[in-house]
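Here's the structure we're looking at; comments come further down.
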Amino acid sequence: MKLRRGDPADCAAIAELWFASWTSSQPERPTITRVDLAERARTELRGRWEVIVAEGDGRLLGFLALAPDENRLDQLFVAPDAQRRGIGKRLLNAAKQRLADGFWLSADASNKRAMSFYEKEGLTLKRVEPSGANTKMVYAFEP
């Protein structure tokens with residue numbers, strides 16, 4: 001597996017991976033469509049995101065989207081069949097290197113796997129925020 005900078009040619013693969021991972025971790029909230037995520041990936045890659053992708057086995061295995069101007073880790077997703085192989089940890093470590101002074105992120109409170117992962121990797125829960133029908137957990141990496 002290797003990490004590389006993402007580019008606009010990756011949009012379709014990012015959207016497909018994002019959708020598969022989202023629906024596997026949020027099965028009760030299938031409000032996002034592949035089309036929504038494809039459009040968002042295209043827009044964000046041209047705008048505020050810096051993307052790092054994890055490739056292996058001839059395909060995209062995960063991606064990380066950073067919004068450096070906001071000191072934010074905006075997205076981190078690993079393909080469902082590639083989870084628990086250290087890919088998320090490698091992507092998170094890339095974020096820690098790129099935003100070495102620290103960053104924040106939010107996770108849905110219903111995504112227990114994500115919260116457990118972030119806590120195991122040394123991020124600190126800073127606050128809980130209501131967000132429409134769900135709750136967001138805001139974490140920070142503070143070196």
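Along the sequence shown, residues carry numbers from 1.
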* Beyond-backbone contact of Val128 with Lys136, side-chain heavy atoms, under 4.5 angstrom -> no
* Asked: With side chains defined as the heavy atoms from C-beta onward, is the minimum distance between Leu64 and Arg90 less than 4.5 Å?
  -> no
* Same apolar cluster (I L V M F W Y, side chains within < 4.5 Å links), Val51/Val78 -> no
* Short question: side chain of Glu121, backbone of Leu92 - any donor-acceptor pair under 3.5 Å? -> no
* Side-chain heavy atoms of Lys96 within contact of Phe141, under 4.5 Å -> yes
* Hphob cluster co-occupancy, Leu3 + Leu99, side-chain heavy atoms under 4.5 angstrom -> yes
* Side-chain contact, heavy-atom cut-off 4.5 Å: Glu129 with Thr135? -> no
* Tell me, with the steps shown, if Glu50 and Arg98 meet side chain to side chain contact (heavy atoms under 4.5 Å, CB included). => CA-CA 10 Å; Glu50 287 182 17; Arg98 172 61 181 92; 2.7 Å; yes
* Asked: With the 4.5 Å side-chain cut-off for hydrophobic clustering, are Met115 and Leu91 part of the same group?
  -> yes
* Heavy-atom side-chain proximity of Met137 to Leu125 below 4.5 angstrom -> yes
* Quick one: side-chain hydrogen bond (donor to acceptor under 3.5 Å, both in side chains) pairs with a partner in residues 56-69, sequence neighbours left out? -> Asp57-Arg85, Arg59-Asp81
* So, do Asp101 and Pro143 sit near enough that their side-chain heavy atoms are less than 4.5 Å apart? -> no
* Are Leu61 and Ile14 in one and the same hydrophobic cluster, where Ile, Leu, Val, Met, Phe, Trp and Tyr link if side-chain heavy atoms are under 4.5 Å apart? -> no
* Structure fact -> Rounded to the nearest 0.5 angstrom, the CH2-NZ distance for Trp104 and Lys126 is 13.5 Å
* Is there a side-chain contact between Arg72 and Leu66 (heavy atoms, below 4.5 Å)? -> no
* Asked: Have Asp74 and Trp49 got a donor and an acceptor in their side chains that come within less than 3.5 Å?
  -> yes
* Asked: Where the side chain of Asn111 meets the backbone of Ala114, is there a donor-acceptor pair that is under 3.5 Å apart?
  -> yes
* Side chains of Tyr118 and Leu105 in contact at under 4.5 Å (non-hydrogen atoms) -> yes
* To do: Quick one: do Asp10 and Arg4 satisfy salt bridge (Lys or Arg N to Asp or Glu O under 4.0 Å)? Show the steps, please.
  => CA-CA 11 Å; Asp10 296 315; Arg4 68 166 173 80; 2.7 Å; yes
* Find out if a path of hydrophobic residues (ILVMFWY) with successive side-chain heavy-atom gaps under 4.5 Å connects Ile52 to Leu73. => yes
* **Sequence-distant partners of Glu119, side chain to side chain donor-acceptor pair (under 3.5 Å), two or more places apart** => Tyr139
* Over all atoms of both residues, closest heavy-atom pair of Gly102 and Asn71 -> O-CB, 4.0 Å
